[in-house]
Participant: 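Take a look at this one; I'll ask things after.
Chain identifiers are assigned alphabetically (A, B, ...) following the order of the sequence lines, protein sequences preceding nucleic acid strands; residue numbering begins at 1 within each chain. Since we're looking at a predicted model, the values are computed, not measured.
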Amino acid sequence: MTARVRPDAPKAAARGVALSAPAPHAWFAERGWRPAAFQREVWAAIAAGRSGLLHADTGAGKTYAVWLGALMAFADAGAAPLPARAGAARAQPLRVLWLTPMRALAADTLQALQAPLAALAPDWRVGSRTGDTGSSERAAQARRLPSGLVTTPESLSLLLARADAPRELASVRLVVVDEWHEMLGNKRGVQVQLALARLRTWVPDLCVWGLSATLGNLDEALATLLGDNAGDGVLVRGPREKALRIDTLLPARPERFPWAGHLGKRMVPQVAEEIEHSGTTLVFTNTRSQAELWYQALLDLRPDWAGLIALHHGSLDRAVRAWVEAGLRAGTLKAVVCTSSLDLGVDFLPVERVLQIGSAKGVARLLQRAGRSGHAPGRASRITLVPTHSLELIEAAAVRDAVSSGQVEARPPPDKPLDVLVQHLVTVALGGGFRPEALYDEVRSTCSYRELTPAEWQWCLEFVRQGGPSLTAYPEYRRVLADDAGVWRVPDARLARRHRMNIGTIVSDASMTVRYWQRGGQGGALGTVEEGFIARLAPGDVFLFAGRPLELVRVEQMTAYVRRAGAGRPAVPRWNGGRMPLSSELADAFVARLTRAAQGELDVPEMQAAAPLLAVQAAWSALPVTGTLLIETLRTREGWHAYLYPFAGRLAHMGLASLLAWRIGRRQPATFSLAVNDYGLELLSATPVDWRAVFAEGLLDESAVLEDALASLNAGELRLRRFREIARIAGLVVQGPPHARQSSRQLQASASLFFRVFEQYDRANLLLSQAEREVLSQELDVARLRQTLVRMQAARQVWIELKHVSPFAFALMVERFREKLSTEKLGDRVARMLAQLEAAAGGERGAAEPTDVVFALGDTPARKRAGRGPRRPRRRS
DNA sequence: GACCTGCTGCGGTGTG
């Protein structure tokens with residue numbers, strides 16, 4: 001193998017990487033491959049035994065990953081030249097572990113690796129191992145692992161739990177973590193960190209490489225991947241991102257475009273038009289029910305597209321989704337309406353257009369989705385934003401600004417989640433056992449646990465030894481015991497099986513399978529919906545799911561049996577999914593846009609389309625711009641309203657709203673209704689509040705924010721919810737085997753029981769405090785909340801006494817009505833509000849009376865029936 | 001009494 005000096009690697013040189021990289025093997029040369037600079041950089045680093053992180057933008061990642069996979073063959077060849085090994089009788093032992101976050105990616109990766117590996121290293125066998133792996137392959141792997149193994153973090157943990165793990169895994173030379181950005185910020189990533197620490201103990205000079213898409217904290221991503229060895233890591237950047245085009249589908253009549261709402265059905269005809277004139281299109285929506293509704297709406301408009309457009313989201317059965325994916329690959333589908341379920345995964349070459357309905361909520365997500373189009377080399381990616389209300393026009397302009405200035409979100413790794421550690425302890429006890437002192441050092445070599453205190457460590461040991469003080473009486477919580485030699489092991493095969501069935505950190509929602517009803521047998525599975533939704537239906541009711549109206553036939557054993565239903569007005573399932581807030585990066589770009597608009601700069605089509613709304617906002621109130629805190633107050637029949645726009649995302653706003661309400665309530669008795677969205681929040685009191693006086697009294701003080709936030713919310717309920725997940729991960733409650741799985745309701749009940757027991761008898765239980773920490777950081781976004789308070793204090797306050805509900809306030813008002821809907825359908829009510837607002841906005845501004853909307857909202861059904869108009873406002877002095 | 005916000009991802013069963 002020849003070496004070649006590479007003159008152009010300033011970055012690598014700065015970090016001290018060897019400058020020589022092997023030339024491509026003849027097999028590659030014959031195929032015309034000329035490695036790019038960054039590929040050589042990675043290659044050289046691996047040849048030098050260094051670890052690192054390769055960052056390449058979406059769309060190119062897969063390809064690079066494959067090259068990296070080929071590189072590992074060369075890395076290994078350093079020890080034994082390829083030609084000599086070609087005829088080797090004995091296959092290589094496990095050399096390379098390749099981790100992917102998705103089973104589907106494992107299959108793809110394997111396929112891509114097979115040809116180059118067969119040519120370069122014929123004595124290598126490659127295989128994959130995921131939950132999909134068949135029993136014969138499993139049996140073969142139990143005898144002998146392949147030389148290159150593509151697997152998931154969970155399956156790797158299962159490998160670590162094998163008694164022969166130390167011997168079997170000691171031959172590993174290189175671990176590649178694909179899509180590291182997907183795992184870095186969550187507990188799956190923590191599980192990967194722990195597994196890597198384990199492997200490093202057996203293989204001190206283990207080479208570890210991460211592959212990552214665009215990320216705001218690349219250095220941290222590298223450090224987290226490598227733990228204590230980070231000092232030696234190399235960060236390699238791929239070529240500058242490919243051409244990316246972000247445009248917006250502007251509403252036909254911007255001045256009539258709604259100020260609130262999220263479905264965006266008004267845009268259906270325009271979207272259909274775009275689909276009509278494009279190649280294969282992905283239509284991303286933010287929620288599963290929104291995907292269902294959009295799919296239906298498109299079909300209603302274009303019945304001739306039946307069979308040409310499809311639906312894809314996480315609650316659909318895997319077989320259904322596989323069919324859609326195959327259709328995409330084959331290019332037989334014109335469009336697919338989907339959720340994040342198609343963010344990752346198979347490279348769909350034929351995808352030409354990507355449409356994003358509603359806010360993408362973050363820059364990284366937008367880039368990820370844009371990257372799904374124009375996958376072929378030399379083709380640009382294009383994403384078209386489809387706003388669902390007027391404020392999203394501004395967001396569209398903002399997100400493009402953020403992309404061009406490289407403002408991408410960071411994903412911070414979780415801070416020592418003890419549930420994951422507890423699970424890992426049992427895994428390690430199964431996989432050959434451990435000595436606490438040595439394992440403590442190993443665990444602390446990871447980034448997430450480097451601050452783990454001896455007391456916390458002891459607590460975890462005790463917890464796996466006997467379940468902590470309150471569970472000592474139960475044998476199933478005596479999971480790990482020290483043997484005579486002082487090695488901690490799992491003493492019981494039954495406990496071992498129980499643990500293996502519970503490995504992993506993903507905890508799913510309570511859900512029920514939906515199946516076609518068939519006499520004398522089970523019909524095909526369509527997917528899953530939440531138990532709570534089905535519970536509200538009676539047999540005969542119709543709901544929309546998997547893109548078709550279904551009639552509920554009966555419910556049996558966690559399965560809802562259905563048949564096709566005719567036309568009608570179906571219900572749409574609701575899933576209590578995640579609640580992604582607008583990212584700080586995007587919010588900042590949003591405010592920057594408003595600030596420029598306030599200076600008269602409307603230089604892009606989106607801002608021009610938003611101009612009517614901005615004009616009304618400016619005339620009736622003011623634009624919330626950088627450095628100011630806009631506080632709108634309003635007096636209606638409902639009471640005393642205050643609207644604030646901190647732009648901190650809905651999670652922080654929720655915390656902030658309840659915090660403010662609670663602090664005001666401490667000064668004077670008051671009850672508040674709260675409403676939040678990603679832009680701001682509303683406080684509404686039925687009794688008089690002197691807002692200015694209240695805000696003057698240190699209401700925005702950021703000290704004691706933790707205590708106040710917890711006190712102000714129903715923190716108990718939030719903590720319990722969080723604790724349920726923790727209990728599953730820590731192995732306190734287990735699902736049981738697939739054939740006799742407990743219902744999620746049962747699981748929840750037992751988790752709640754533990755919660756209460758711990759609260760009463762074991763207050764020091766660290767899993768309880770972890771639940772609290774997770775509530776604060778993940779449900780309330782406390783760091784952002786605190787930051788926001790600081791920023792609000794420093795800002796200049798702009799007080800506006802509203803006469804009309806301002807456009808920004810309008811969205812919040814709608815939000816609140818969603819919560820407590822009475823006699824009127826939300827849609828009707830919003831439509832009426834809109835009509836009146838538009839009338840007010842369209843008429844002579846001075847002439848409009850301060851009535852309309854606000855007071856119409858206070859209209860009672862009785863008055864409406866009596867045909868009387870809205871009551872006149874009772875004006876305050 | 002419906003509802004028109006709320007994403008994604010994995011794993012296990014068996015033994016000659």
Participant: Counting only side-chain heavy atoms from C-beta out, which of B:dC10, B:dG9, B:dC7 sits nearest to A:Asn186?
Facilitator: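 It is B:dG9.
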Participant: Quick check on B:dG6: is either OP1 or OP2 less than 4.0 Å from any side-chain nitrogen or oxygen of A:Arg574?
Facilitator: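 Looking at the OP1 and OP2 atoms of B:dG6, one of them is under 4.0 Å from a side-chain N or O of A:Arg574.
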Participant: Round to the nearest Å and state the distance from A:Phe533 atom CZ to B:dC4 atom C1'.
Facilitator: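 About 13 Å, once rounded to whole Å.
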Participant: Does A:Gly578 reach a base, just sugar-phosphate, or nothing at all? Heavy atoms under 4.0 Å.
Facilitator: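 Base contact.
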Participant: Output yes when at least one side-chain N/O atom of A:Arg498 is less than 4.0 Å from OP1 or OP2 of B:dG12, else no.
Facilitator: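 No, A:Arg498 has no side-chain N/O under 4.0 Å of OP1/OP2 on B:dG12.
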Participant: Could you state the atom-to-atom distance from CZ of A:Arg129 to C1' of B:dC10 in whole Å?
Facilitator: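 Going from A:Arg129 (CZ) to B:dC10 (C1'), I get 14 Å.
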Participant: Using only side-chain N and O atoms of A:Arg188, determine if any of them is under 4.0 Å from OP1 or OP2 of B:dT8.
Facilitator: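 Looking at the OP1 and OP2 atoms of B:dT8, neither is under 4.0 Å from any side-chain N or O of A:Arg188.
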Participant: Salt bridge check, A:Lys187 against A:Asp419: does any charged N sit closer than 4.0 Å to a carboxylate O?
Facilitator: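 Judged by the 4.0 Å cut-off on N to carboxylate O distance, A:Asp419 and A:Lys187 do form a salt bridge.
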Participant: Would you indicate, yes or no, if B:dC7 has its OP1 or OP2 atom less than 4.0 angstrom from a side-chain nitrogen or oxygen of A:Arg369?
Facilitator: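 For B:dC7, OP1/OP2 do not have a side-chain N/O of A:Arg369 under 4.0 Å.
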Participant: So A:Phe545 and A:Trp575, would you call those rings parallel, tilted or perpendicular, with 30° and 60° as cut-offs?
Facilitator: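 Tilted.
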Participant: Less than 4.0 Å between a side-chain N and a carboxylate O, is that true for A:Asp132 and A:Arg318?
Facilitator: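 Salt bridge: yes.
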Participant: Under 4.0 Å between any heavy atoms, over every strand shown, what does A:Arg321 touch: base, sugar-phosphate, or nothing? Just pick one.
Facilitator: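 Contact class for A:Arg321: sugar-phosphate only.
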Participant: Salt bridge check: are A:Arg188 and A:Glu154 linked by an N-O gap of less than 4.0 Å?
Facilitator: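 Yes, A:Arg188 and A:Glu154 are salt-bridged.
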Participant: Salt bridge check: are A:Arg574 and A:Glu530 linked by an N-O gap of less than 4.0 Å?
Facilitator: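 Salt bridge absent between A:Arg574 and A:Glu530.
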Participant: Please determine, for the side chain of A:His262, which listed nucleotide (B:dT8, B:dG12, B:dT5) has the closest atom?
Facilitator: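 So the nucleotide nearest the side chain must be B:dT5.
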Participant: Heavy atoms under 4.0 Å, any strand shown: does A:Ala571 hit a base, just sugar-phosphate, or nothing?
Facilitator: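 Sugar-phosphate: the residue A:Ala571, judged by heavy atoms under 4.0 Å, touches backbone atoms but no base.
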Participant: How close or far is atom P of B:dG14 from atom CZ of A:Arg138, stated in whole angstroms?
Facilitator: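 Roughly 12 Å, once rounded to whole Å.
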Participant: What is the separation between atom CH2 on A:Trp575 and atom P on B:dG9, rounded to the nearest whole Å?
Facilitator: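 Roughly 13 Å, once rounded to whole Å.
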Participant: Please evaluate the base of B:dC7 for a donor-acceptor partner in the side chain of A:Thr339 within a cut-off of under 3.5 Å?
Facilitator: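 When only heavy-atom distances are counted, A:Thr339 does not reach the base of B:dC7 through any donor-acceptor pair under 3.5 Å.
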Participant: Expressed in angstrom and rounded to an integer, what is the separation of A:Met501 atom CE from B:dG12 atom C1'?
Facilitator: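 To the nearest whole Å, that distance equals 6 Å.
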Participant: With no angle test and no hydrogens, is the base of B:dG11 tied to the side chain of A:Arg500 by a donor-acceptor pair under 3.5 Å?
Facilitator: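 Between B:dG11 and A:Arg500, which were checked side chain against base, a qualifying N/O pair under 3.5 Å is absent.
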Participant: By nearest nucleotide on DNA chain B, pick out whichever of A:Gly131 and A:Arg497 is the more 5' one.
Facilitator: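 Comparing both residues, the 5'-ward one is A:Gly131.
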Participant: Is the shortest distance from a Lys or Arg side-chain nitrogen in A:Asp541 or A:Arg536 to a carboxylate oxygen in the other one below 4.0 Å?
Facilitator: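 No, this pair does not count.
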Participant: Write down the distance between CD1 (A:Ile357) and P (B:dC7), rounded to a whole number of angstrom.
Facilitator: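 That distance rounds to 16 Å.
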Participant: Counting the atoms with a prime plus P, OP1 and OP2 as sugar-phosphate, which does A:Asn576 contact under 4.0 Å by heavy atoms, base, sugar-phosphate, or nothing?
Facilitator: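 The residue A:Asn576 makes sugar-phosphate contact but no base contact.
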Participant: Would you call the rings of A:Phe590 and A:Phe808 parallel, tilted or perpendicular, taking 30° and 60° as the class edges?
Facilitator: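 Perpendicular, since the angle between the ring planes exceeds 60°.
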Participant: Check the distance between B:dG9's P and A:Asp178's CG and give it to me in whole angstrom.
Facilitator: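 Going from CG in A:Asp178 over to P in B:dG9 covers 16 Å.
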Participant: Just by distance, with hydrogens left out, do A:Glu292 and A:His313 show a side-chain donor and acceptor under 3.5 Å apart?
Facilitator: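 Checked: A:Glu292/A:His313 side chains pair up, N/O donor to acceptor below 3.5 Å.
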Participant: Indicate, with a heavy-atom threshold strictly under 4.0 Å, whether A:Lys361 touches base, sugar-phosphate, or nothing.
Facilitator: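 It contacts base atoms.
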Participant: At less than 4.0 Å, is any side-chain N or O atom of A:Thr130 found next to OP1 or OP2 of B:dC10? Yes or no.
Facilitator: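 False: A:Thr130 side-chain N/O out of range (4.0 Å or more) of B:dC10 OP1/OP2.
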Participant: Ignoring backbone atoms, establish whether A:Ser155 has a side-chain N or O less than 4.0 Å from OP1 or OP2 of B:dC10.
Facilitator: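 The answer is no; no side-chain N or O of A:Ser155 sits under 4.0 Å from OP1 or OP2.
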Participant: Looking only at side-chain atoms of A:Arg650, point me to the closest of B:dC4, B:dG6, B:dG9.
Facilitator: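 So the nucleotide nearest the side chain must be B:dG6.
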Participant: Check whether the side chain of A:Ser508 and the base of B:dC10 form a donor-acceptor pair under 3.5 Å.
Facilitator: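 For A:Ser508, whose side chain was compared with the base of B:dC10, there is a donor-acceptor pair (under 3.5 Å).
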Participant: When you check the side-chain N and O atoms of A:Gln356 and A:Arg365, is any donor under 3.5 Å from an acceptor?
Facilitator: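 Their side chains do not contain a donor-acceptor pair, so the 3.5 Å distance test is not met.
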Participant: State the syn/anti category of B:dC7 according to its glycosidic angle, syn meaning within 90° of 0.
Facilitator: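 B:dC7: anti glycosidic orientation.
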Participant: What parts of residues 285-295 of chain A reach DNA chain B, counting only heavy atoms under 4.0 Å away?
Facilitator: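 Contacting residues: A:Asn286, A:Thr287, A:Arg288, A:Ser289.
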Participant: Let me know the distance between CD of A:Glu725 and P of B:dG11, rounded to the nearest Å.
Facilitator: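 So the two atoms are 19 Å apart, to the nearest Å.
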Participant: Can you identify which nucleotide, out of B:dC10, B:dT8, B:dT5, has its nearest atom closest to the A:Glu815 side chain?
Facilitator: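 Comparing B:dC10, B:dT8, B:dT5 against the side chain of A:Glu815, the answer is B:dT5.
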